[in-house]
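Following: one structure in structure tokens, then a few remarks.
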Protein chains: 2
Amino acid sequence: MKTVSDNQADLLRRHGLQATAQRLAVLRAVSERPHGTADDVAGAVRARIGVISRQAVYDALGVLAENGLIRRIQPAGSPARYEDRVGDNHHHLICRRCGRMVDVDCAVGAAPCLTAAEDSGYEIDEAEVIYWGVCPDCREAPHTDRARP
Amino acid sequence: MKTVSDNQADLLRRHGLQATAQRLAVLRAVSERPHGTADDVAGAVRARIGVISRQAVYDALGVLAENGLIRRIQPAGSPARYEDRVGDNHHHLICRRCGRMVDVDCAVGAAPCLTAAEDSGYEIDEAEVIYWGVCPDCREAPHTDRARP
DNA sequence: CCAAATTATTGACTCTGTCAAGAGCACTCC
DNA sequence: GGAGTGCTCTTGACAGAGTCAATAATTTGG
């Protein structure tokens, strides 16, 4: 019988990547905590396999993202975040106060948003949409900004 | 007769900001070269008024953006960029190879894109849209990636 | 099991951007 | 038009996120 790790190892090899302990752990960490930063991932990986270098984390995240196994999101004012929900080009909704990020299905449709009004001759391959707002929790809580007299 | 600088000074004061030489020069630099980075702006300002500290540039860009006189765009993998086209919530189209950025009018309409399919209870105030692709020039030119054997 | 090639580790380094203290201006009020 | 007050600029140290480069360790095809 094959374990989850075996399947993920095969997945990596099918993409022409070597299946190392570090990459497997990174892949698993991203899938367990969507929208985590490289640092979060490093922490989760260390909890599981003991030790990993910062560079290995960046390398793994890099090749996984390049090969479409994970997706990198880089919101303004935040380090890059990673998620394993790929292939459906969904969008993100971020709270301006607490930074919490949630997924949003595309309003337009399945293969969405890839048509700009005028494409200026560009060959568009991705539409990145980030909605900014205030999450329910932060809306209820008193404004920390205004709280200081 | 009023000069351009006088008008911009008034503009600043109308927003409750002091009209300093540095701020005027920053505002002018942003308007002259849209999509420039803080560093570009600093260079342009130095060419005009001689010298400005890095901090003053960041301060000026910060207050101008806060007051809606300019807009800050922070694309993945690039330092922040600034433009003076504000108030119409247009979007951007960036070339993956050369980084060139062009404006795109919103496909949806005038006050656009603020409606996500499901808002998860968030109070959305901005929709940031970035299209990624390859510009006409880079499409014609040979791939630098593939060019190395 | 072995050799070649890919990956990981280590540590220095770069690039953007921020913080804090003091000096210098801009604007207001007389 | 001059002086005070408070905002703004300069200077220099600092921090976070990510990259580079050389060496050591694994993976994997044969």
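Keep in mind that the numbers below use all heavy atoms, side chains included, and drop hydrogens, waters and symmetry copies. All chains are named by letter (A, B, ...) in the order of the sequence lines, taking the proteins before the strands, and each is independently numbered beginning at 1.
- Under the ring-ring contact (aromatic ring centres under 6.0 Å, His included) criterion, the residue pairs touching residues 17-50 of chain B are B/His35-B/His92, with sequence neighbours excluded.
- Between the CD atom of A/Gln74 and the P atom of D/dA17 there is a distance of 12 Å, given to the nearest Å.
- Annotation: salt bridge (charged side-chain N to carboxylate O under 4.0 Å, His left out) contacts of B/Asp137 (sequence neighbours excluded): B/Arg100.
- Atom C1' of nucleotide C/dG17 and atom CZ of B/Arg72 are separated by 10 Å, given to the nearest angstrom.
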Solution key, residues 18-27 of chain A side-chain donor-acceptor pairs under 3.5 Å, sequence neighbours excluded:
unit_1  : atom_1 : unit_2  : atom_2 : d
A/Thr20 : OG1    : A/Arg23 : N      : 3.2
A/Arg23 : NH1    : A/Gln18 : O      : 3.2

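- The ring-ring contact (aromatic ring centres under 6.0 Å, His included) analysis of residues 37-87 of chain A, with sequence neighbours excluded, yields no pairs.
- Of the residues in residues 41-67 of chain B, those lying under 4.0 Å from DNA chain C by heavy-atom distance are B/Arg54, B/Gln55, B/Tyr58.
- Judged as a side-chain hydrogen bond (donor to acceptor under 3.5 Å, both in side chains), and not counting sequence neighbours, B/Asn67 has no contacts.
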> Which parts of nucleotides 24-30 of chain C does protein reach within less than 4.0 Å, heavy atoms only, written one letter per nucleotide 5' to 3' as B for base, S for sugar-phosphate only and - for none?
Replying inline: --SS---
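- The distance between atom CG of A/Leu24 and atom C1' of D/dT26, rounded to the nearest whole Å, is 13 Å.
- Between A/Ser78 and B/Gln22, the residue anchored closer to the 5' end of DNA chain D is B/Gln22, taking for each the nucleotide with the nearest heavy atom.
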> Yes or no on side-chain contact (heavy atoms from CB on, under 4.5 Å) for A/Leu69 and A/Val63, after CA distance, side-chain angles and deciding distance?
Replying inline: CA-CA 9 Å; A/Leu69 296 177; A/Val63 298; over 6 Å; no
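- The hydrophobic cluster of B/Val134 has no other members, since no ILVMFWY side-chain heavy atom comes under 4.5 Å of it.
- B/Ser78 meets the side chain to side chain contact (heavy atoms under 4.5 Å, CB included) test with B/Pro75, B/Arg81; sequence neighbours excluded.
- In the hydrophobic clustering, where aliphatic and aromatic side chains (Ile, Leu, Val, Met, Phe, Trp, Tyr) are joined below 4.5 Å either directly or transitively, A/Met101 groups with A/Ile73, A/Ile94, A/Ile130, A/Trp132.
- Among residues at least two apart or in separate chains, salt bridge (Lys or Arg N to Asp or Glu O under 4.0 Å) pairs with a member in residues 48-71 of chain B are B/Glu32-B/Arg48, B/Arg71-B/Glu83.
- Helix bend of the helix from C/dC1-D/dG30 to C/dC30-D/dG1: the angle between its two end axes, each built from five pairs, comes to 40° after rounding to 10°.
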